[in-house]
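A quick write-up on the structure given underneath.
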Protein chains: 2
Amino acid sequence: MKKRHSTITDIAKALNISASTVSRALHDNPSISLETKNKVLSLAKELNYQPNMLALSLLKKKTKTIGVIVPEITSYFFAMVINGVQDMVDEAGYKLIISQSNESFEEEEKLIETLSLGRVDGFLISTSSNTMTYGHLEKLRSSGIPIVVFDRDCPGFDADKVLVADFDGAYQAVDYLVKTGCKSLAHIAGPANLTTSQHRKAGYLKALSDNNLAIREELIQTVDGFTSEFGEEAAKALLDLPYPPDAIFAINDAVAIGAMAVIFERGLRIPEDISIVGFDDEPYSKYFHPSLSSVWQPVYDMGMLSAKILMNQLDKDFDDVNYRYEVLKPELVIRESSKPLPDFYKV
Amino acid sequence: MKKRHSTITDIAKALNISASTVSRALHDNPSISLETKNKVLSLAKELNYQPNMLALSLLKKKTKTIGVIVPEITSYFFAMVINGVQDMVDEAGYKLIISQSNESFEEEEKLIETLSLGRVDGFLISTSSNTMTYGHLEKLRSSGIPIVVFDRDCPGFDADKVLVADFDGAYQAVDYLVKTGCKSLAHIAGPANLTTSQHRKAGYLKALSDNNLAIREELIQTVDGFTSEFGEEAAKALLDLPYPPDAIFAINDAVAIGAMAVIFERGLRIPEDISIVGFDDEPYSKYFHPSLSSVWQPVYDMGMLSAKILMNQLDKDFDDVNYRYEVLKPELVIRESSKPLPDFYKV
DNA sequence: GAATTTTGCGCAAACCTTTGCATAGCAAAA
DNA sequence: TTTTGCTATGCAAAGGTTTGCGCAAAATTC
């Protein structure tokens with residue numbers, strides 16, 4: 001039983017003045033007499049008048065709303081990005097519509113479709129792992145809606161982008177593992193289609209070759225998702241090899257945790273028999289036993305920066321094609337799941 | 001540089017007919033000739049016509065959007081509730097605006113204020129831990145916007161509610177701990193203001209007295225937040241007691257994990273020296289060492305049910321004051337952080 | 001051929017707000 | 001007295017869509 005909100009017209013009628021006058025009075029327009037202003041203001045308060053945002057949006061063609069599309073919300077990673085976005089956006093009075101694609105290209109398309117129907121001014125998007133073409137994004141942008149892509153790059157699609165130096169993070173991790181004496185390093189790689197997976201894998205490969213270690217294809221296990229269950233499977237495959245690895249660099253912490261569970265099941269020790277390094281540095285990671293070494297990412301900052309760039313775009317009223325390309329630096333956090341660095345490496 | 005979306009009027013002009021005819025044609029209204037319909041439909045496709053949702057919402061006074069207010073989004077618990085909500089709501093064509101109160105009453109008030117200005121049709125809300133009065137909710141409801149309260153009850157505020165039998169869950173956990181031989185059971189209680197904390201504590205107390213165990217106030221540590229750091233502090237306080245506990249029932253898994261870390265630091269064994277049971281059964285909990293016993297909650301279902309109830313309310317066009325009060329059943333999951341149940345208790 | 005029904009479409013209002021332009025009243029300047 | 005200028009307000013359009021009502025032309029019935 002929706003009770004009608006009182007409108008500007010209600011006030012106008014009650015006061016026997018026009019709606020325009022009321023509007024101007026409420027906005028403290030100098031051309032309205034003090035007397036009228038006071039009457040309007042007090043009646044507005046009495047009737048609990050609230051401007052109708054829909055009417056305003058329709059008129060101004062701005063919704064003051066930003067659409068955020070993430071693959072999923074249950075992962076710490078994306079939840080934390082959203083936190084950063086939210087904090088940045090709040091001050092500017094923007095609202096957020098958060099949607100999940102569930103790593104599905106079709107859902108992603110549908111979301112963009114529906115959200116763009118006059119609901120949001122701009123998009124913050126991290127594509128699904130099944131997104132391989134960017135026609136939907138091109139279409140969106142060509143209809144004049146600014147987009148900022150974050151974390152997962154969209155090669156060939158020009159837009160503002162805020163990414164993490166995944167190659168770098170992976171390189172750091174693997175190089176460190178080598179320096180601690182590991183000789184046979186495995187990688188549990190993420191969904192092949194994602195740039196983040198590709199870059200981390202590339203970092204792994206480069207670190208190996210820079211250290212003159214042979215690349216053994218069978219030591220690279222690719223998983224299709226980011227949960228611990230995938231890590232378990234991959235680890236089993238690795239441990240079943242005739243020459244199993246003495247270190248695993250996992251695509252993320254959840255997968256690393258799954259791998260650790262399997263390693264323990266087999267009666268092996270971490271890090272004595274096998275070293276483990278993850279990616280993401282989730283809050284729980286330091287509480288595992290042994291605590292998990294991991295590559296930390298500036299997740300919150302990524303959210304903040306992406307939001308800032310988007311809001312910048314929204315302020316302009318022309319397409320700025322000088323897209324920004326920001327790459328944030330990750331950082332290796334060493335804990336107990338990997339061996340300490342020998343003294344002679346220390347600075 | 002926002003390019004104008006093509007509108008119904010554009011089509012009308014191009015075809016030399018009225019906007020009403022176009023609208024009816026697009027809605028397959030029988031009073032429009034097949035010929036006109038075809039012309040309209042093909043031109044609409046060509047111009048990539050998309051209805052303007054804002055205009056529609058303004059007219060219909062429905063936004064097809066639901067506001068979800070949670071204390072935080074980074075916790076698995078609320079993220080998973082949102083998942084349930086999303087899945088239920090998607091089919092019905094509703095969109096979600098998700099906002100976080102950051103456990104702040106003021107932010108919660110502000111969110112409700114802004115979102116209710118014609119943006120959302122209804123609210124799904126779990127109040128902040130600092131919310132002690134419900135005037136903002138009363139006001140919201142009295143303006144005709146349906147509300148469903150979930151997880152955290154608002155005593156004295158009448159509305160549809162979807163809760164979890166926290167008392168029950170806590171009772172199960174503590175009763176079980178007693179039956180495994182623990183004599184001195186501690187509880188790390190949650191923020192005092194939350195009904196969930198209160199009910200879990202009540203369950204703890206009842207299980208103790210039902211088992212003829214004395215209640216020792218010093219064994220109840222209250223924390224102000226849900227992160228592991230709080231668990232660490234509380235555990236330290238408990239272990240520093242002259243007669244430390246041989247079991248800890250924690251308000252949630254994160255806190256339990258923090259407690260476990262401290263216990264290990266002190267060289268104690270779990271569960272031999274101290275048993276631990278958490279609450280929430282987060283995905284990681286089974287991967288800890290020892291794996292964490294916990295009370296599982298039907299989180300996803302809670303989201304689904306809440307959303308369903310809200311959408312039901314939205315379909316009606318009168319205030320249904322027969323508010324629903326749903327209480328979902330949690331379930332104890334026994335793992336290695338607590339001792340096995342002696343044989344003679346087993347069915 | 002006249003009366004009636006059917007078919008196909010347009011008008012205008014409604015949703016709520018903002019804003020450029022017009023206007024009315026009045027005082028001051030010429 | 002006329003002109004100018006200012007103050008305070010109103011009108012109407014615009015934003016995009018739906019829908020009740022009305023109207024004309026065509027088709028049907030007698």
Side-chain angles (χ1 to χ4, degrees), chain A residues 2-41 43-44 47-65 114 116-119 121 143-144 317, chain B residues 2-41 43-44 47-65 116-121 143-144 317:
Chain A
K2 189 141 285 194
K3 290 187 197 69
R4 244 182 92 269
H5 267 202
S6 50
T7 73
I8 230 171
T9 331
D10 296 336
I11 301 182
K13 275 189 194 143
L15 257 40
N16 247 320
I17 53 179
S18 78
S20 354
T21 306
V22 176
S23 170
R24 281 188 261 254
L26 291 171
H27 289 81
D28 207 22
N29 185 309
S31 75
I32 301 295
S33 71
L34 202 65
E35 195 194 337
T36 315
K37 265 182 201 166
N38 287 335
K39 274 197 288 190
V40 169
L41 253 33
L43 185 58
L47 294 182
N48 186 28
Y49 167 77
Q50 320 246 217
N52 183 319
M53 283 312 186
L54 286 174
L56 254 173
S57 299
L58 181 59
L59 190 63
K60 297 273 182 69
K61 298 191 164 222
K62 302 226 167 181
T63 57
K64 280 273 185 183
T65 304
T114 49
S116 65
L117 302 187
R119 294 174 156 287
D121 294 342
S143 82
D317 47 354
Chain B
K2 190 142 282 191
K3 290 188 198 67
R4 245 183 91 267
H5 266 203
S6 51
T7 74
I8 230 171
T9 329
D10 295 337
I11 301 183
K13 273 187 195 144
L15 257 42
N16 247 319
I17 53 181
S18 77
S20 356
T21 305
V22 176
S23 171
R24 279 188 262 254
L26 290 171
H27 290 84
D28 208 23
N29 184 308
S31 78
I32 301 295
S33 71
L34 201 66
E35 197 193 335
T36 315
K37 265 183 203 164
N38 287 335
K39 274 197 287 188
V40 168
L41 254 33
L43 185 58
L47 295 182
N48 186 27
Y49 167 76
Q50 320 247 217
N52 182 319
M53 283 312 187
L54 285 175
L56 253 173
S57 300
L58 181 59
L59 189 64
K60 295 275 182 67
K61 297 183 167 229
K62 303 225 167 180
T63 58
K64 279 277 188 177
T65 304
S116 64
L117 302 186
R119 294 173 155 287
V120 301
D121 294 341
S143 82
D317 44 354

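Here is how names work: the chains are called A, B, and so on, in the same order as the sequence lines, proteins then strands, and each is numbered from 1.
Scanning both residues, A:H5 and B:S116, for their nearest heavy atoms gives CE1-O, 4.0 Å. The two residues B:A19 and B:I8 come nearest to each other via the heavy atoms CB-CG2, 3.9 Å.
Here B:H5 does not reach the OP1 or OP2 of D:dG16: none of its side-chain N or O atoms lies under 4.0 Å away. Taking 4.0 angstrom as the limit, A:Y49 places none of its side-chain polar atoms (N or O) nearer than this to OP1 or OP2 of C:dC16. Listed pair B:K61 / C:dA14 fails the phosphate criterion, with no side-chain N or O lying under 4.0 Å from OP1 or OP2.
Between A:K39 atom NZ and D:dT9 atom C1' there is a gap of 12 Å when expressed in whole angstrom units. Per the geometry, NZ belonging to A:K13 stands 9 Å off P belonging to C:dA14, to the nearest Å. As a whole-Å value, the separation of A:L47 CG from C:dC16 P is 14 Å. The separation between B:L59 atom CG and D:dT19 atom C1' is 9 Å, rounded to whole Å. To the nearest angstrom, C1' of C:dA14 lies 13 Å from CG of A:N52. One can place CG of B:L58 at 9 Å from P of C:dT17, the figure rounded to the nearest angstrom. To the nearest angstrom, P of C:dT18 lies 11 Å from CG of A:N29. Atom P of nucleotide C:dG20 and atom NE2 of A:H27 are separated by 13 Å, given to the nearest angstrom.
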Summarise how protein sits on nucleotides 4-13 of chain C as a single string, 5' to 3': B when a protein heavy atom is under 4.0 Å from the base, S for sugar-phosphate-only contact, - for no contact. ----BBBBB-
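In this structure, A:L26 CG and A:I32 CD1 are separated by 10.0 Å, a value rounded to the nearest 0.5 Å.
Taking only side-chain atoms of A:S23, from C-beta outward, the nucleotide of C:dT19, D:dA14, C:dC16 with the closest atom is C:dT19. Here C:dT17 is the nucleotide among D:dT17, C:dT17, D:dG15 with the atom lying nearest to any side-chain atom of A:L56.
For the residue pair A:S20 and A:S23, no side-chain donor N or O sits within less than 3.5 Å of a side-chain acceptor on the partner.
Within 4.0 Å (heavy atoms only), B:I8 reaches sugar-phosphate atoms of the nucleic acid but no base atom.
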Go through A:Y49 and A:D10 one step at a time and tell me if the side chain to side chain contact (heavy atoms under 4.5 Å, CB included) criterion holds. CA-CA 9 Å; A:Y49 167 77; A:D10 296 336; over 6 Å; no
Please step through salt bridge (charged side-chain N to carboxylate O under 4.0 Å, His left out) for the pair B:K64 and B:D121, ending with a clear verdict. CA-CA 6 Å; B:K64 279 277 188 177; B:D121 294 341; over 6 Å; no
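The side chain to side chain donor-acceptor pair (under 3.5 Å) check on B:T65 picks up A:R119, with sequence neighbours excluded.
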